[in-house]
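Quick notes on the structure that follows.
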Amino acid sequence: MSQLITPTARLHDSWLAAHAEWSPGVNQDGSGMRLAGDDAFAVPEVFASWVGRLREQADRTRPLPEGRVHATHWWIVEDDTYLGAIDLRHELNDFLLRAGGHIGYSVRPSARRRGLATWALGAVLPEARALGLGRVLLTCDDDNTASARTIEHNGGVLEDVRPTELGLKRRYWIEL
């Protein structure tokens, strides 16, 4: 059975196996990898430090660097196997309003087409409501029909398609 869990260094080997399925340099939306910089994920201590930064990002009492917002990260797992990630950004800065949205997610290639992203997004929407958000913005690449279907299945209403610094993005709002 699929679960959303707080990131944990305990799943290091499974996370590495999933990471290897993506092409080099591909962004894994919702994973928080941008917090890692050029970290060497294969080193257990480096991985554990990055996992700690993911967990700290949800703490609203902690100041964040310029341009960052607080976010809660979850991993999608089954039986201690890492399948993907989803994050909920607690607010939107200018960049997130233009291109990134409140929620990002990704599922490892070998676990796709099972409805995991749709399920995970549906599970995170009540968390957004609990933060006091009345609606959330989600974006996806214009040619990512699977992600568009995931968002639409969870009530997403297309606002527009626009060029951004991340490419052409479909922008959806979900009322909570």
Side-chain angles (χ1 to χ4, degrees), residues 1-8 11 14-36 41 50-51 54-55 57-58 69-90 92 95-131 133 135-162 164 166-176:
M1 173 188 277
S2 302
Q3 301 177 274
L4 292 181
I5 67 165
T6 301
T8 174
L11 296 181
S14 181
W15 187 93
L16 285 174
H19 183 61
E21 293 181 15
W22 272 279
S23 301
V26 170
N27 180 43
Q28 297 171 37
D29 291 325
S31 68
M33 288 179 60
R34 288 189 175 105
L35 294 177
F41 291 114
W50 171 66
V51 166
L54 292 179
R55 296 170 75 122
Q57 196 178 13
V69 299
H70 288 97
T72 305
H73 298 269
W74 294 273
W75 286 355
I76 306 165
V77 301
E78 284 179 359
D79 301 322
D80 283 345
T81 300
Y82 174 93
L83 301 176
I86 187 165
D87 71 349
L88 169 61
R89 296 143 197 151
H90 299 182
L92 297 177
F95 167 75
L96 294 172
L97 182 60
R98 284 190 313 275
H102 284 99
I103 298 172
Y105 52 84
S106 59
V107 174
R108 70 190 288 176
S110 65
R112 293 179 182 161
R113 303 185 60 81
R114 295 177 36 198
L116 290 169
T118 300
W119 168 80
L121 176 55
V124 167
L125 292 175
E127 301 290 337
R129 189 177 307 109
L131 283 175
L133 299 175
R135 65 184 188 152
V136 290
L137 174 67
L138 286 96
T139 69
C140 67
D141 291 343
D142 187 43
D143 62 355
N144 189 341
T145 56
S147 190
R149 281 194 307 269
T150 292
I151 297 166
E152 291 167 358
H153 182 81
N154 279 283
V157 176
L158 182 66
E159 178 181 64
D160 61 15
V161 179
R162 66 173 73 166
T164 74
L166 298 177
L168 196 59
K169 293 289 184 181
R170 298 175 67 84
R171 298 175 71 256
Y172 290 89
W173 289 96
I174 298 176
E175 295 291 330
L176 303 174

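Keep in mind that this is a model prediction, so the values were computed, not measured.
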When rounded to the nearest 0.5 angstrom, what distance separates [atom1] in [X] from [atom2] in [Y]?
X: L83; Y: R112; atom1: CG; atom2: CZ; result: 12.0 Å
X: R135; Y: Y172; atom1: CZ; atom2: OH; result: 15.5 Å
X: R129; Y: I174; atom1: CZ; atom2: CD1; result: 10.5 Å
X: Y105; Y: I151; atom1: OH; atom2: CD1; result: 3.5 Å
X: R108; Y: S14; atom1: CZ; atom2: OG; result: 5.5 Å
X: T72; Y: L88; atom1: OG1; atom2: CG; result: 5.5 Å

L121 and L138: side-chain contact (heavy atoms from CB on, under 4.5 Å), yes or no, with the steps?
CA-CA 10 Å; L121 176 55; L138 286 96; 3.7 Å; yes

With respect to I103, which candidate in L125, N154, T139, L137 satisfies the side-chain contact (heavy atoms from CB on, under 4.5 Å) definition?
L125

Consider salt bridge (charged side-chain N to carboxylate O under 4.0 Å, His left out). Of D29, D141, D142, which one does K169 pass it with?
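That would be D141; it is the only one of D29, D141, D142 passing the salt bridge (charged side-chain N to carboxylate O under 4.0 Å, His left out) with K169.
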
Are any non-hydrogen side-chain atoms of [X] and [Y] less than 4.5 angstrom apart?
X: E78; Y: L116; answer: yes
X: L11; Y: I5; answer: yes
X: L4; Y: I76; answer: yes
X: R171; Y: L97; answer: yes
X: H102; Y: L92; answer: yes

D79 CG: over 12 foreign heavy atoms closer than 6.0 Å:
no

Name the orientation class of the two ring planes belonging to W15 and F41 (parallel below 30°, tilted from 30 to 60°, perpendicular beyond 60°).
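Aromatic pair W15/F41 classed tilted.
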
Carefully, step by step, assess W75 and V51 under the rule side-chain contact (heavy atoms from CB on, under 4.5 Å).
CA-CA 11 Å; W75 286 355; V51 166; 3.9 Å; yes

Tell me whether Q57 contacts the main-chain N or O of V69 through its side chain, where contact means a donor paired with an acceptor under 3.5 Å.
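Here the side-chain-to-backbone pair exists.
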
Any donor-acceptor pair under 3.5 Å from R89 side chain to G100 backbone:
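Yes; judged by distance alone, with no hydrogens or angles, the pair exists.
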
Identify the two heavy atoms, one from [X] and one from [Y], that lie closest to each other, and give their separation to 0.1 Å.
X: S147; Y: C140; result: OG-CB, 3.5 Å
X: L166; Y: A99; result: CD1-CB, 4.0 Å
X: L131; Y: H90; result: CD1-CD2, 3.5 Å
X: R170; Y: L158; result: NH2-CD2, 3.5 Å

